[in-house]
Structure formats: C-alpha cells, structure tokens
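Since the structure comes first, as structure tokens, the remarks are kept for the end.
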Amino acid sequence: MKDGIYSLLKAKFLVSDDALKNWKFIVFLVVLGMMAIANNHQYDAKNYRITELNNQVKELRSEFVDRRSELMKLKMESTVAEKMESRNILPSEVPPVKIVVEHKETKKSFWDKLKIWQ
C-alpha cells in the first residue's frame, strides 16, 4: 500500500515502460475537459444573449404601445381640429352629404332623381 501511494506521488506511471498508454489517456482527458469548458462558455454566452434579446423585446413592445396610444390621440378629431386652427382651417359647420352613385342599368325618371335632392 505504501509503495503504491509513493509511486503515485513520484509519478512513476508517467515514466515507466508502458507510459505511452497513460499519456494518451491523460491527453484524452485534458482535451475532453477543454471541450466541456468551451461548451459551458458557449452555453453561458447564448443564455446572456437570450436574456438581452428578451429585455430588448420588452422595451420595444412597451415603446410600440406608447407610440400606438400617441397615434390614437393624434388621430382624434379634436386634436386635428386644434392643430388646424393655427392655420385658420376650421371644422365644417355643414354636415357631410352622402353621394349615391347609380348604375347605368337602373334608369330612374327625372322626378325620381329630383326626390333624392329634397
């Protein structure tokens, strides 16, 4: 038992006759460890990127809601009328009239057409 620990501490397994087999295994373990570390770094980088993009989506969504509510306010008739008053363009006092376009197929008499205007 004492010789086994003593030979392990002196690393005799690395300089003995069959040391090439041990060195290959050690190099394999080192390469495997480096691959695991690189994989972990890539995973962390992707996680940070996903978190960053989620925060950006939340910001853009709230900005979209703000802009949409601002647009709705700007489209209101009262807001448009207020902005046009500075240019001396006032809202009409006369309500709009509906224009009816008739097809050529339906022929109405002159008296029927006259009733539309009344």
Side-chain angles (χ1 to χ4, degrees):
M1 180 79 163
K2 191 174 185 181
D3 284 338
I5 295 174
Y6 186 67
S7 68
L8 183 67
L9 290 176
K10 282 203 158 201
K12 286 186 179 180
F13 65 95
L14 295 177
V15 290
S16 65
D17 292 337
D18 60 344
L20 183 62
K21 174 177 66 171
N22 294 335
W23 276 106
K24 286 180 183 178
F25 185 69
I26 289 172
V27 169
F28 172 72
L29 288 179
V30 168
V31 168
L32 200 61
M34 289 173 62
M35 287 174 53
I37 291 170
N39 189 26
N40 195 21
H41 283 294
Q42 283 183 340
Y43 173 76
D44 286 342
K46 285 182 183 179
N47 247 354
Y48 288 132
R49 180 74 174 141
I50 287 171
T51 304
E52 179 183 310
L53 289 174
N54 280 335
N55 290 338
Q56 191 176 7
V57 164
K58 287 178 186 176
E59 288 176 19
L60 290 173
R61 188 172 289 138
S62 71
E63 184 179 344
F64 167 72
V65 170
D66 290 344
R67 299 284 184 212
R68 186 174 56 184
S69 63
E70 186 178 328
L71 176 65
M72 295 302 279
K73 183 179 177 186
L74 288 173
K75 284 173 40 176
M76 290 174 54
E77 185 180 352
S78 59
T79 308
V80 173
E82 185 179 304
K83 290 196 182 276
M84 290 296 115
E85 278 182 12
S86 63
R87 298 179 182 179
N88 291 329
I89 300 174
L90 302 173
S92 176
E93 301 278 330
V94 180
V97 177
K98 184 175 181 180
I99 300 173
V100 179
V101 178
E102 296 178 16
H103 297 290
K104 291 183 179 180
E105 298 161 358
T106 58
K107 294 184 179 179
K108 291 190 177 183
S109 67
F110 173 75
W111 300 110
D112 290 335
K113 291 179 184 178
L114 191 59
K115 288 180 185 177
I116 292 175
W117 290 101
Q118 290 181 354

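For the single chain, residues carry numbers from 1 onward in sequence order. Given the structure is predicted, the values throughout are model-derived calculations rather than measurements.
Each side-chain hydrogen bond (donor to acceptor under 3.5 Å, both in side chains) pair with one or both residues in residues 51-64, not counting sequence neighbours, appears once here: Arg49-Glu52.
What you find for Leu90 and Glu85 is that their closest heavy atoms are CD2-CG, 3.9 Å. Lys75 and Val80 get closest at one heavy-atom pair: O-CG2, 4.3 Å.
For the pair Met35 and Asn39, the minimum side-chain heavy-atom distance is 4.5 Å or more.
Applying the salt bridge (charged side-chain N to carboxylate O under 4.0 Å, His left out) test to Arg68 and every residue at least two apart in sequence or in another chain returns nothing.
Clustering ILVMFWY residues whenever any of their side-chain heavy atoms sit less than 4.5 angstrom apart, transitively, puts Val65 in a cluster other than the one holding Met72.
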